[in-house]
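The structure appears right after this line, and notes come after that.
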Amino acid sequence: MEYFLEVYRQGNIQNAANNLYVSRQGVSKIIKTLEDELGQLLFIRNPHGLVPTDYATALLPHVQRLLEEYRTIESMRTLASQS
């Protein structure tokens with residue numbers, strides 16, 4: 001989900017990979033796997049980069065909420081270990 005979000009923000013796999021400190025191929029593979037799992041195309045390539053599909057745009061707020069909830073859960077774990 002983090003890779004999807006970063007590709008969506010950047011509109012470019014290489015820039016997303018750079019920001020995530022992973023390879024371009026790794027990001028491409030994750031996006032392809034996510035598309036296969038969802039059964040939907042998420043991005044369309046054009047000469048200027050990647051354009052999110054309508055499905056990706058509809059998915060975006062859900063991904064953002066999921067990641068926010070996950071970060072909250074992670075912070076709870078940290079708090080629990082400090083107690």
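Start at 1 with the first residue, then count along the sequence.
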Item to check | Any residue meeting side chain to side chain donor-acceptor pair (under 3.5 Å) with Tyr70, in chain and number order, not counting sequence neighbours | outcome: Glu74
Item to check | Ile30 side, atom CD1; Glu2 side, atom CD - distance, nearest 0.5 Å | outcome: 11.0 Å
Checklist entry - Can you list the steps and then say if Glu68 with Arg71 is a salt bridge (charged side-chain N to carboxylate O under 4.0 Å, His left out)? => result CA-CA 5 Å; Glu68 183 178 313; Arg71 289 181 187 114; over 6 Å; no
Item to check | Same apolar cluster (I L V M F W Y, side chains within < 4.5 Å links), Ile31/Leu67 | outcome: yes
Next on the checklist: According to side chain to side chain contact (heavy atoms under 4.5 Å, CB included), who are the partners of Leu50, at least two apart in sequence or on a separate chain?
Outcome noted: Val7, Ile13, Phe43, Arg45
Item to check | Same apolar cluster: Leu41 and Met1, side chain cutoff 4.5 Å | outcome: no
Checklist outcome for this item: Taken in chain and number order and not counting sequence neighbours, the residues that satisfy side chain to side chain contact (heavy atoms under 4.5 Å, CB included) with Ala56 are Phe4, Tyr8, Leu42, Pro52, Thr53
Next on the checklist: Going by the rule side chain to side chain donor-acceptor pair (under 3.5 Å), which residues pair with Arg65 if we only count those two or more places apart in sequence or in a different chain?
Outcome noted: His62
Next on the checklist: Applying a strict under-4.5 Å side-chain criterion to I, L, V, M, F, W and Y, I'd like to know whether Ile44 and Val27 cluster together.
Outcome noted: no
Checklist entry - How would you list, by chain and number, every residue that makes a side chain to side chain donor-acceptor pair (under 3.5 Å) with Gln14, sequence neighbours excluded? => result Asn18
Checklist entry - Take atom CG in Asn46; do more than 12 heavy atoms of anything else shown fall under 6.0 Å from it? => result yes
Checklist entry - Out of curiosity, Asn19 CG to Arg9 CZ, how far, rounded to the nearest 0.5 Å? => result 9.5 Å
Next on the checklist: Working to the nearest 0.5 angstrom, can you tell me the gap between Leu59 CG and Leu5 CG?
Outcome noted: 10.0 Å
Next on the checklist: Check for me, please, whether Tyr3 and Leu38 land in the same ILVMFWY cluster - side-chain distances under 4.5 Å, paths through other members count.
Outcome noted: yes
Item to check | Any pair counted as side-chain hydrogen bond (donor to acceptor under 3.5 Å, both in side chains), so long as it reaches residues 33-44, sequence neighbours left out | outcome: Lys32-Asp36
